[in-house]
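Working notes, structure below.
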Amino acid sequence: MQHPCFVDRVWLLLLLLLHGPVYTRANNEGDALYAFRQALLDPSQVLQSWDPSLVNPCTWFHVTCNAKNNVLRVDLGNAMLSGNLVPQLGQLKDLQYLELYSNNISGIIPPELGNLTNLVSLDLYQNKLCGPIPEELGNLELLRFLRLNNNSLTGQIPMSLTRISGLQELDLSNNNLSGEVPTNGSFSRFTPASFSGNPDLCGAAVGKQCPNGPPLSPPPPVWPPP
Ligand SMILES: *[C@@H]1O[C@H](CO)[C@@H](O)[C@H](O)[C@H]1NC(C)=O
Ligand SMILES: *[C@@H]1O[C@H](CO)[C@@H](O)[C@H](O)[C@H]1NC(C)=O
Ligand SMILES: *[C@@H]1O[C@H](CO)[C@@H](O)[C@H](O)[C@H]1NC(C)=O
Ligand SMILES: *[C@@H]1O[C@H](CO)[C@@H](O)[C@H](O)[C@H]1NC(C)=O
Ligand SMILES: *[C@@H]1O[C@H](CO)[C@@H](O)[C@H](O)[C@H]1NC(C)=O
């Protein structure tokens, strides 16, 4: 079986060949979103209004801007999209909500998403994302909702996520993550449900001894003595 990440790079190349180079007149944020459109297959044509010749993307469907005409929300949950995320998404500096759940988006989570320092909600659950959870997501200090469940993510849970102090909801369930689950910082609030369906995770948070780790808890005293 081929690794899904490999297949995705082939797709991305194919899409680039189909669309050709990008020359647009929109502002930087419009260019960034248009680069995303070009990396996607959109059989339901939900992105038809994403016209790069407009002065900004604020009139595009599924895009919401603030008073400065910077993008505040991208709402594309359940939109039948496939293809890849693009690093350019990291340029939407005022973005607070990135809602891309329940699509067929594959490939990696770009580390550049860690530049979205105003992000409140990152919902990528129920897609076909693979590769690691980028360490850089720990830079998202205002993040309250991080839902990456039901993908094919691998590798360890980055310790940097424990430092997102306002994180209220974390769902990493049903991936292929491995190693010890952190328990400190914001992770002291999360229950095993946040991590379930990752057979290779271990540690106190999931009630499973790590191969070379310390015992989960000291052995209970034997009383009354036998
Ligand atoms: C994802 O793709 C599969 C097959 O390619 C299709 O059956 C399914 O409906 C798609 N799901 C979504 C949410 O687009
Ligand atoms: C965005 O993130 C990448 C990778 O994390 C980094 O190399 C780059 O310098 C960042 N860009 C900006 C404009 O902050
Ligand atoms: C995620 O995957 C689990 C296990 O395969 C499944 O039971 C659950 O319905 C899925 N969740 C979503 C939101 O699709
Ligand atoms: C999970 O990852 C391991 C390697 O880390 C691999 O052997 C296994 O096939 C993967 N399982 C799934 C369901 O992707
Ligand atoms: C949690 O512990 C690890 C070391 O085990 C440390 O690197 C990390 O900064 C800690 N997180 C917080 C929020 O203190």
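Numbering of ligands and ligand atoms starts at 1, following listing order. Positions are given from 1, in the same order as the sequence printed here.
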Nearest-0.5 Å distance that lies between atom [atom1] in [X] and atom [atom2] in [Y]:
{"X": "Ser102", "Y": "Asn78", "atom1": "OG", "atom2": "CG", "result": "4.5 Å"}
{"X": "Ile105", "Y": "Leu76", "atom1": "CD1", "atom2": "CG", "result": "7.5 Å"}
{"X": "Ser44", "Y": "Met80", "atom1": "OG", "atom2": "CE", "result": "4.0 Å"}

Margin query: Checking the N or O distance criterion of under 3.5 Å, is ligand 1 in contact with Asn103?
Written below: no
Scan the side chains in residues 133-147 for donor-acceptor partners under 3.5 Å anywhere in the protein, sequence neighbours excluded, and list what turns up.
| residue | atom | partner | partner atom | Å |
| --- | --- | --- | --- | --- |
| Asn139 | ND2 | Glu136 | O | 3.4 |
| Arg147 | NE | Asp123 | OD1 | 2.6 |
| Arg147 | NH1 | Glu169 | OE2 | 2.9 |
| Arg147 | NH2 | Asp123 | OD1 | 3.4 |
| Arg147 | NH2 | Asp123 | OD2 | 3.1 |

Would you say Asn175 and Asn151 are linked by a side-chain donor-acceptor pair, where the criterion is simply a distance under 3.5 Å? no
Any donor-acceptor N or O pair under 3.5 Å, side chains Ser178, Gln156: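 Side chains of Ser178 and Gln156: no pair found under 3.5 Å.
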Contact region, Ser82 to ligand 1, non-hydrogen atoms below 4.0 Å, reads neither
ask   = Considering distance alone, does some N or O of Gln126 sit under 3.5 Å from an N or O of ligand 3?
value =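 Yes, Gln126 has an N/O under 3.5 Å of an N/O on ligand 3.
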In ligand 3, the atoms that come under 4.0 Å of a heavy atom of Asn150 are 1 (C), 2 (O), 3 (C), 8 (C), 10 (C), 11 (N), 12 (C), 14 (O)
Subject >> Derivation of the side-chain contact (heavy atoms from CB on, under 4.5 Å) call for Lys68 and Asp94 >> reply: CA-CA 10 Å; Lys68 292 185 292 177; Asp94 287 0; 3.3 Å; yes
List, ordered by chain and residue number, the protein residues whose closest non-hydrogen atom lies under 4.0 Å from any atom of ligand 5.
->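 Those residues closer than 4.0 Å to ligand 5 by some heavy atom are Met159, Thr162, Arg163, Asn184, Gly185.
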Assess the residue pair Glu99 and Ser121 against the criterion (side chain to side chain donor-acceptor pair (under 3.5 Å)); give the C-alpha distance rounded to whole Å, side-chain angles, the decisive distance to 0.1 Å, and a yes or no.
CA-CA 8 Å; Glu99 305 298 323; Ser121 175; 2.8 Å; yes
For Ser102, the atoms of ligand 1 under 4.0 Å from one of its heavy atoms are 13 (C)
